[in-house]
Amino acid sequence: MSTKVSPGVENQVYHGGDMKVFSPLDTMRHSAAHIMASAVLEMFPDAKFAYGPPIENGFYYDFELPRSLTPEDFPEIEKRMRRLIESGEPFVREEISRERALEMFADQPYKVETINLLPENETISIYTVGPFTDLCRGPHVENSGRIGPVKLLSLAAAYWRGDENRPQLQRLYATAWPTQGELDEYLWRLEEARKRDHRKIGKDLDLFMVSEQVGGGLVLWLPKGATIRRELENFIVRAEQRAGYKHVYTPHIGKIDLYKTSGHWQHYRDSMYSPIEVEEEEYILRPMNCPHHIVAYKHGLHSYRELPIRLAELGTVYRYEKSGELTGMSRVRGFTINDAHIFCRPDQLREEFVRVVELIQELYHAVGFRDYVYRVSLRDPADTEKYVGGDEMWAVAEDAIRDALDSIGAEYVEAVGEAAFYGPKLDVMVRDVLGREFAASTNQVDLYLPEAFELEYVDADGSRKRPAMIHRAPIGSLERFFAFLTEQHAGAFPVWLSPVQAVVIPIADRHTEYAEEVAANLRGEDIRVEVDARSERMQHKIREAQLQKVPYMLVVGDREREAGAAAVRLRSGEDLKAQPISEVLRMITKDIKERR
RNA sequence: GCCGACGUAGCUCAGUGGUAGAGCAGCUGUUUCGUAAACAGCAGGCCGCGGGUUCGAAUCCCACCGUCGGCUCCA
């Protein structure tokens with residue numbers, strides 16, 4: 001791979017409040033952002049500039065412009081960028097005084113604000129490339145000729161400093177790569193990702209739907225999607241049973257006082273629906289399952305010997321999401337969490353948390369998730385308003401998570417300010433096919449709700465003690481998990497999850513009876529099988545089974561009928577030729593058993 | 001919610017001021033076929049919804065609803 005980026009050292013750069021390391025690729029993209037800004041300035045001399053950082057697969061720049069850009073402007077901007085790149089203009093750095101900077105950028109309000117936010121002793125630098133000078137810490141490539149092929153990707157609105165009360169700017173997203181080949185490959189990957197989008201596959205394979213009539217963000221699982229969900233649920237519940245969980249069922253609504261006691265009403269109200277009045281009492285569509293499980297715990301008096309008590313439920317919750325945030329199955333208003341609440345003695349906390357992590361690992365391994373990282377989400381000590389409980393409680397809870405991870409040698413990153421209002425979290429961050437990162441699983445240590453609900457157990461000496469609590473959801477919501485799975489497999493689900501595991505394809509009508517016989521054999525082993533007895537050519541039926549990503553196609557004609565066999569075709573296109581029915585059964589049941 | 005783009009048949013899309021189209025899917029018939037699309041016919045649309053401009057609107061304008069890409073937030 002040839003690289004146009006200056007070789008060598010990674011540069012330490014102060015950016016947006018924390019120290020970040022700029023790789024050579026980031027540096028090149030950051031320089032490309034300046035080139036883009038320069039091109040935009042040529043077209044709009046009155047443009048106001050905000051920030052233009054590199055991001056994971058490219059870069060963006062935020063502008064305030066006299067009119068809205070459209071994708072039709074892209075070719076013009078790209079043309080001007082290419083001209084600047086070809087000119088090979090040097091990037092010239094200059095360090096200037098604060099006064100001089102304020103003077104230079106007097107007509108650039110966002111730059112002025114940025115300058116004023118810089119610490120007193122900070123060096124202020126500017127970079128000039130061709131006609132364009134920008135306030136910037138750098139670093140940059142030596143000259144614009146070192147910038148690789150660029151492509152503008154999309155437009156978006158973004159608030160100044162990410163604050164919805166500040167002006168809205170136009171954000172121009174673009175990408176740049178060292179070589180044309182790498183750019184082409186990235187664009188190909190984007191295209192490929194679009195093909196795998198769970199919304200597209202969900203439609204093509206009739207897995208689920210969202211209807212305007214029912215309401216945005218409210219998912220209807222169609223029979224095929226529901227089959228997959230049922231398999232997943234059974235799998236999860238069995239794994240939890242093995243791990244010592246007891247399953248409960250609780251209703252989707254509850255009295256408002258439950259949520260006032262838990263603190264949700266005070267801290268989580270923005271995500272909750274308005275109360276429902278029933279006989280002069282107010283009820284809440286639950287946004288979380290914990291209060292119900294806590295009440296279930298309080299059903300009786302618990303001995304220290306009984307703990308931990310692990311109450312699990314595939315619990316459906318409802319959260320208000322702004323209409324613009326809804327997407328397919330991954331961002332919805334009603335969803336089902338594979339939830340559980342563990343009530344344990346404080347001395348059991350660490351071990352219980354280790355078990356939680358182990359269960360996550362087991363489940364992820366079984367469904368083939370590899371690309372995930374642990375993130376410990378901590379309280380922001382500077383913003384105690386957002387959280388309940390005192391410093392000591394938080395320290396204990398945060399340490400319990402760290403200790404648990406350390407004890408099994410798991411690596412993790414820490415994120416300050418990402419905790420839930422009642423406790424720190426362990427989030428498991430997974431990347432989807434588009435490279436976006438989501439919290440697929442969140443798990444919390446909670447010492448607050450046991451207090452709020454006055455939970456107790458009876459200790460060895462007969463005294464009443466307060467248990468600790470763990471909230472855990474290894475796969476988060478079934479909806480989001482399903483979206484991940486769909487994209488990961490591009491709709492070709494493993495056999496154990498496939499809604500239709502085998503299609504029997506009779507070649508001519510006279511083979512239908514035998515086809516039914518074959519299917520009956522498979523059904524006897526609980527294999528989900530269908531017979532395609534339509535008056536269509538075999539080729540047509542194969543094509544449709546392929547498009548539906550059915551793992552096994554069993555073609556039966558005269559020869560197979562004579563031999564008591566079926567010609568096995570896999571969705572990979574592989575032809576296994578005629579196999580005895582007993583062998584077909586063996587193959588499919590083996591796949592199912594091994595979760596392949 | 002905010003900015004931008006887009007809403008035409010179940011699906012994918014054409015149609016830019018003058019009588020709504022194609023392919024696939026569906027239905028009916030014919031065909032009985034050896035590993036990714038047989039043939040013919042039929043049916044299917046308040047052109048997202050509501051206003052407006054015009055002799056005339058899928059097409060132009062306004063408002064609303066929805067979808068998509070982002071922002072913010074998040075399982």
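Here is the naming used below: chain letters follow the sequence lines, and residue numbers restart at 1 for every chain.
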Give me the distance, rounded to whole Å, that separates [N] from [M] when you measure between the [atom1] atoms they each carry.
N	M	atom1	result
B/A75	B/A63	C1'	36 Å
B/C39	B/G4	P	48 Å
B/G21	B/C49	C1'	24 Å
B/A36	B/G7	C1'	32 Å
B/C27	B/G44	C1'	10 Å
B/C46	B/A58	P	13 Å
B/A22	B/U8	C1'	12 Å

*Of the nucleotides B/U32, B/A75, B/A37, which has the atom closest to the A/Arg480 side chain?*
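Among the listed nucleotides, the one closest to the side chain of A/Arg480 is B/A75.
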
*Considering only B/C74, B/C68, B/G1, which nucleotide approaches the side chain of A/Arg319 most closely?*
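In terms of side-chain proximity for A/Arg319, the closest of B/C74, B/C68, B/G1 is B/C74.
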
[X]: which residues meet the side chain to side chain contact (heavy atoms under 4.5 Å, CB included) condition with it, sequence neighbours left out?
X	result
A/Glu362	A/Ala239, A/Arg242, A/Leu359
A/Glu76	A/Met43, A/Lys79, A/Arg80
A/Arg230	A/Glu233, A/Asn234

Grab the N/O contacts between the protein and nucleotides 24-31 of chain B below 3.5 Å, and write none if there aren't any.
| from | atom 1 | to | atom 2 | distance (Å) |
| --- | --- | --- | --- | --- |
| B/U31 | N3 | A/Ser535 | OG | 2.9 |
| B/U31 | O4 | A/Ser535 | OG | 2.0 |

*Under the salt bridge (Lys or Arg N to Asp or Glu O under 4.0 Å) rule, collect the residues that match up with A/Glu513, sequence neighbours excluded.*
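Listed in chain order: nothing, the list is empty.
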
_Stems formed with participation of RNA chain B [Watson-Crick or G-U wobble, under 3.5 Å, three or more pairs]_ =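 Detected stem regions: B:1-7 with B:65-71, B:10-13 with B:21-24, B:26-30 with B:38-42, B:50-52 with B:60-62.
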
*asked:* Please report the distance, rounded to the nearest Å, between CZ in A/Phe482 and P in B/A75.
replied: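 It is 21 Å, rounded to the nearest whole Å.
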
With a non-hydrogen cut-off below 4.0 angstrom, is [X] in contact with a base, only sugar-phosphate, or nothing?
X	result
A/Leu326	sugar-phosphate
A/Glu574	nothing
A/Val317	nothing
A/Ala440	sugar-phosphate
A/Gln546	base
A/Arg559	base
A/Ile542	base
A/Lys425	sugar-phosphate
A/Tyr173	sugar-phosphate

Taking atom types as they are modelled, would you say the side chain of [X] forms a donor-acceptor pair with the base of [N] within the 3.5 Å cutoff?
X	N	answer
A/Glu321	B/A75	yes
A/Tyr159	B/G1	yes
A/Arg333	B/C74	no
A/Gln170	B/G70	no
A/Gln168	B/C2	yes

Check nucleotides 5-12 of chain B for protein N or O atoms closer than 3.5 Å to its own N or O atoms and list the pairs.
| from | atom 1 | to | atom 2 | distance (Å) |
| --- | --- | --- | --- | --- |
| B/U12 | OP1 | A/Lys203 | NZ | 3.3 |

*Starting at the 5' end of RNA chain B, which residue's closest nucleotide do you reach first, A/Ala567 or A/Lys322?*
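Per heavy-atom nearest nucleotide, the more 5' residue is A/Lys322.
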
Who are the ring pair (Phe, Tyr, Trp, His ring centres under 6.0 Å) partners of [X], not counting sequence neighbours?
X	value
A/Phe49	A/Tyr61, A/Phe63, A/Phe132
A/His247	none
A/His292	none
A/Tyr320	none

Are any of the side-chain nitrogens in [X] or [Y] under 4.0 Å away from the carboxylate oxygens of its partner?
X	Y	answer
A/Arg310	A/Glu240	no
A/Glu358	A/Arg355	no
A/Arg561	A/Asp558	yes
A/Glu536	A/Arg543	no

Solution key, residues 572-579 of chain A side-chain donor-acceptor pairs under 3.5 Å, sequence neighbours excluded:
| from | atom 1 | to | atom 2 | distance (Å) |
| --- | --- | --- | --- | --- |
| A/Ser572 | OG | A/Glu574 | N | 3.3 |
| A/Asp575 | OD1 | A/Lys577 | N | 2.8 |
| A/Gln579 | NE2 | A/Leu576 | O | 2.8 |

*Report yes if the distance between the aromatic ring centroids of A/Tyr372 and A/Tyr364 is under 6.0 Å, otherwise no.*
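Yes, the ring of A/Tyr372 comes within the 6.0 Å limit of the ring of A/Tyr364, centre to centre.
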
*Could you tell me whether the phosphate oxygens of B/G4, OP1 or OP2, come under 4.0 Å of any side-chain nitrogen or oxygen in A/Arg171?*
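Looking at the OP1 and OP2 atoms of B/G4, neither is under 4.0 Å from any side-chain N or O of A/Arg171.
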
